[in-house]
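Just so it is clear, the structure is predicted and the values come from calculations on it, not from any experiment. Counting starts at 1 for both ligands and their atoms, following the listed order.
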Amino acid sequence: MTTSNRSLISHRVEGFTESVIRGMTRLAQQHRAINLAQGFPDFPAPEAMKRAAMDAIAGDINQYAITWGAKRLRDAIAAKVKWYPGIEADPETMITVTCGSTEAMISSLMAIINPGDEIVVFEPFYENYGPDGILSGATPRYVTLREPDWSFDERELAAAFNNRTKAIIINTPNNPTGKVFSREELSVIAKLCQQWGVVAVTDEIYEHIVYDGCEHISMATLPGMAEQTITINAASKTYSATGWRVGWVIAPPGLTNAIRKVHDFLTVGAPAPLQEGVATALGFGRDYYEGLGREYVEKRDFMQTALEGAGFRCFKPHGAYYIMTDISGFGLPDDVAFAHDLVQRVGVAAVPGSSFYHDRALGRQKLRFVFAKRPATLREAAEKLARVKG
Ligand code: GLN
């Protein structure tokens, strides 16, 4: 019992809503529905990576790694990013290993944001970026990506920059839209970053999941941008190990120094034996990444056909492993009610589109489906979805 009316909860956290993505996962479990809501694979992670982590545990790599990442892993990251996507990163001064890309993003923002600073965020956006803004104290300014190709208006983007702008968050390939930002689009953003002295914080976790001959371009590889870009990535999607929580940040030495301090005091470090497993995975040859891309394109095509057959209008993704759909063909007013009905009546979970927009109205006729699943899971989901209208 408290004796005053003072809330025990911080204003900061009171501003949060619960993660809709994780909430849908719990609802799916409750109703034994197929979970096409939260983005994680239901197929095994690579054998060699798992073996390396198990060997590390057996070999007693069970104490803290160096706070900014085991040397073997930082060296492996530097060697890998040099050939793809073409980033030069000194493992001693430019790489910080984190607990997934989630921690990479919040540590990066906390390292650069002062009270009153603004960040530019494209919407629809991966829902964590909202609370990331609140936790770091940044004021977000949203710029809308417009369907069907999720392009942005250059004037609208330029108008979002001002003297208070500290950073812009980019996610390419993009969750939830599947957009892969082109070199031209990234150049427009880079020019604004240079003009206003703004940091590009770029989440490239789906860098190896691209389709239709699209090329993933890293902001840090654009002329002059390495000095003001923070590149975020993780093992989660590329090596199908979302539960390992091993991610990393690449940034110039000055920024890295700041990010390492935040990271150290927030988490001390990512799990040491899992860092060894990821170091092994980063040494996989190009055939691994080509195989990953081939498997995902088949899954995308299967899922898009199934969704269209069931009455959803699909925005064909060119990257990442989600399909954003338009549900206006069903004639229902609300994405959340529709998503709940889909779990309970049909047995398939998806994410309501409104959770990807600060202006919720923009997502009321949208649902996002994940297709990072085994063929058998996707087939079962397709059979269930065929009954949506019935
Ligand atoms: N990035 C994944 C998604 O958008 C998983 C999110 C999460 O729960 N960490 O579904």
Side-chain angles (χ1 to χ4, degrees), residues 16-29 33-43 45 98-109 121-133 135 145 150 169-180 201-210 232-248 266-267 270-271 274 292 296 299-300 303 315 317 319-325 335-336 339 342-343 348-358 363 366-373 377-378 381:
F16 286 11
T17 48
E18 189 209 348
S19 158
V20 178
I21 296 176
R22 268 84 79 192
M24 286 309 297
T25 286
R26 285 194 293 277
L27 199 67
Q29 282 167 355
I34 299 177
N35 186 359
L36 301 187
Q38 194 176 15
F40 63 88
D42 71 346
F43 44 83
T98 56
C99 296
S101 64
T102 299
E103 195 238 316
M105 179 61 78
I106 190 62
S107 289
S108 298
L109 291 180
V121 181
F122 290 105
E123 73 172 352
F125 55 86
Y126 169 47
E127 62 172 7
N128 275 35
Y129 302 157
D132 284 338
L135 283 174
L145 298 171
W150 308 104
I169 297 181
I170 301 149
N171 174 213
T172 183
N174 185 257
N175 172 12
T177 66
K179 174 188 177 68
V180 179
V201 183
T202 163
D203 174 351
E204 303 184 1
I205 194 161
Y206 302 98
E207 66 177 354
H208 284 287
I209 307 176
V210 282
I232 287 170
N233 218 314
S236 306
K237 316 291 182 185
T238 304
Y239 306 115
S240 308
T242 60
W244 279 29
R245 315 312 300 137
V246 178
W248 54 89
L266 274 183
T267 68
L274 302 186
L292 187 79
Y296 271 120
K299 295 180 195 301
R300 179 200 63 177
M303 206 53 212
F315 300 106
Y321 52 45
Y322 309 95
I323 300 183
M324 191 68 137
T325 65
D335 61 321
V336 177
L342 213 58
V343 173
V348 175
V351 180
S354 55
S355 63
F356 301 104
Y357 288 89
H358 97 283
K366 294 186 178 76
L367 276 194
R368 187 199 77 171
F369 291 84
V370 176
F371 55 84
K373 302 293 166 193
T377 310
L378 294 178

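- Of the possible donor and acceptor atoms, one in the side chain of E127 sits under 3.5 Å from a partner among the backbone N and O of V20.
- What sits closest to atom 8 (O) of ligand 1 on the protein, heavy atoms only, is Q38 NE2, 2.6 Å.
- If you look at Y126 next to ligand 1, the close heavy atoms, those under 4.0 Å, all belong to the side chain.
- T202 OG1 to I169 CD1: the interatomic distance, rounded to the nearest 0.5 Å, is 10.5 Å.
- Between Y321 and Y206, the gap from one ring centroid to the other is short of 6.0 Å.
- Compare K237, R245, R22, R368 by their heavy atoms: the one nearest to atom 5 (C) of ligand 1 is in K237.
- Among the candidates F125, F122, F315, the single residue satisfying the ring pair (Phe, Tyr, Trp, His ring centres under 6.0 Å) test with W150 is F315.
- For a threshold of 3.5 Å applied to N or O pairs, the pair formed by G39 and ligand 1 contains at least one separation below that value.
- Residue contact check: I21 has heavy atoms under 4.0 Å from atoms 3 (C), 4 (O), 10 (O) of ligand 1.
- Within the set T102, N35, N175, the minimum heavy-atom distance to atom 4 (O) of ligand 1 is found for N175.
- Within the structure, the closest approach of Y322 to ligand 1 falls below 4.0 Å when heavy atoms are considered.
- Expressed to the nearest 0.5 Å, how far OG1 of T102 lies from CD1 of I205 amounts to 7.5 Å.
- Judged by distance alone, the side chain of S108 and the main-chain N or O of A104 form a donor-acceptor pair under 3.5 Å.
- For ligand 1, the atoms sitting less than 4.0 Å from at least one non-hydrogen atom of Y206 are 1 (N), numbered in the order shown with element in parentheses.
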